[in-house]
Amino acid sequence: MKILISLITVMMLSTAVFAAGPVVGINPQKTKAAVGGTVSVDIVAQDLPVSEGGGVTLRFDPSVVQVTGVSVNTAQWSFASSPGGIDNTKGEVSNIWVSSFSGVSGNAIIATVKLQAIKRGESQLRLQESALNPFASAGKHLSVRFVNGVIGVAGK
């Protein structure tokens with residue numbers, strides 16, 4: 001019986017590890033700023049198999065924060081990239097994308113987003129895969145799990 005329980009435990013742990021897969025998220029996941037202040041967050045990839053790249057759209061509450069700039073990490077993603085299109089009225093940066101001819105694996109910063117705090121409140125920082133440039137590995141779609149973030153704005 002102990003052997004059976006041990007075998008089931010090992011199988012469950014293996015499934016959990018493989019189910020985790022690659023992640024694209026906001027780092028730090030929770031951040032704070034004062035009204036009028038600025039803060040930067042990274043969009044990061046973790047546990048990538050060799051990937052040719054991919055893209056995201058970032059959504060936020062434009063009444064609380066505004067995006068003032070996006071810098072793509074061209075040191076790791078050196079083939080082609082785009083900082084996306086900032087729309088502070090709609091509350092999104094569409095199609096931030098990166099690519100690498102030789103591929104990137106493991107952990108990597110995709111881009112750094114600079115935000116300005118507009119008024120007191122909280123804004124979710126939500127990521128969604130770009131329809132124009134989905135993540136790929138070996139020329140095939142790579143399913144990634146997205147981890148969103150939040151920015152709290154304090155002050156007047």
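This structure is a prediction, so every number in the text was calculated from the model and none was measured.
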(request) Tell me whether Val150 is reachable from Val24 by hopping between hydrophobic residues (I, L, V, M, F, W, Y) whose side-chain heavy atoms are closer than 4.5 Å. (result) no
(message) Just so I know, are the side chains of Val93 and Asp87 near enough to count as touching, which here means a heavy-atom distance under 4.5 Å?
(response) no
(request) Decide side-chain contact (heavy atoms from CB on, under 4.5 Å) for Asp47 and Asn107; before the verdict, give the C-alpha distance in whole Å, the side-chain angles of both, and the deciding distance to 0.1 Å. (result) CA-CA 6 Å; Asp47 300 327; Asn107 300 336; 4.1 Å; yes
(request) Compare all side-chain heavy atoms of Gln76 with those of Ser100 and state whether any distance is below 4.5 angstrom. (result) no
(request) Decide yes or no on side-chain contact (heavy atoms from CB on, under 4.5 Å) for Leu142 and Leu48, but give the supporting numbers first. (result) CA-CA 9 Å; Leu142 175 64; Leu48 284 177; 4.0 Å; yes
(message) Please give me the minimum heavy-atom distance between Ile110 and Ala45, naming the atom from each residue.
(response) CD1-CB, 4.1 Å
(message) Tell me if a side-chain donor or acceptor on Trp97 pairs with a main-chain N or O of Pro134 at a distance below 3.5 Å.
(response) no
(message) Are Gln128 and Glu92 packed together at the side-chain level, in the sense that at least one heavy-atom pair is separated by less than 4.5 angstrom?
(response) no
(message) Can you confirm whether Val70 sits close enough to Thr112 that some side-chain heavy atom of one is under 4.5 Å from a side-chain heavy atom of the other?
(response) no
(request) Could you check Ile26 against Ile43 for side-chain contact (heavy atoms from CB on, under 4.5 Å), going step by step and ending with a plain yes or no? (result) CA-CA 5 Å; Ile26 302 291; Ile43 299 173; 4.2 Å; yes
(request) Tell me whether Phe60 is reachable from Phe146 by hopping between hydrophobic residues (I, L, V, M, F, W, Y) whose side-chain heavy atoms are closer than 4.5 Å. (result) yes
(request) For Arg126 and Asn148, work out which heavy atoms get closest and say how close. (result) CA-OD1, 3.2 Å
(request) Before giving the answer on side-chain contact (heavy atoms from CB on, under 4.5 Å), spell out for Asn95 and Thr57 the whole-Å C-alpha distance, their side-chain angles and the decisive distance to 0.1 Å. (result) CA-CA 5 Å; Asn95 298 305; Thr57 290; 4.2 Å; yes
(request) Rounded to the nearest 0.5 Å, what's the gap from NZ on Lys32 to CD on Glu122? Could you check? (result) 10.5 Å
(request) Would you mind reporting whether Ser99 and Glu52 have side-chain heavy atoms less than 4.5 Å apart? (result) no
(request) Return the set of residues passing side-chain contact (heavy atoms from CB on, under 4.5 Å) with Thr31 (not counting sequence neighbours), or none when no residue passes. (result) Pro28, Val39, Val41, Ile151
(message) Has Ser123 got a side-chain atom pairing as donor or acceptor with Asp61's backbone, closer than 3.5 angstrom?
(response) yes
(message) Under a 3.5 Å distance rule, please check whether Ser51 uses its side chain to pair with a backbone N or O of Val104 as donor and acceptor.
(response) no
(message) Please give me the minimum heavy-atom distance between Val153 and Ala117, naming the atom from each residue.
(response) CG1-CB, 3.6 Å
(message) Quick one: does any side-chain atom of Gln116 pair with a main-chain N or O of Thr68 as donor and acceptor, under 3.5 Å?
(response) no
(message) Using 0.5 Å steps for rounding, measure from the OG atom of Ser40 to the CG atom of Leu115.
(response) 7.5 Å
(request) Please answer: with hydrophobic residues joined when any side-chain heavy atoms are less than 4.5 Å apart, are Val67 and Val64 in the same cluster? (result) yes
(message) Check for me, please, whether Ile109 and Val23 land in the same ILVMFWY cluster - side-chain distances under 4.5 Å, paths through other members count.
(response) no
(request) Please tell me if the side chains of Val56 and Leu58 come closer than 4.5 Å, counting only heavy atoms from C-beta onward. (result) no
(request) Kindly work out whether a path of hydrophobic side-chain contacts (I/L/V/M/F/W/Y, heavy atoms less than 4.5 Å apart) joins Val44 to Val98. (result) no
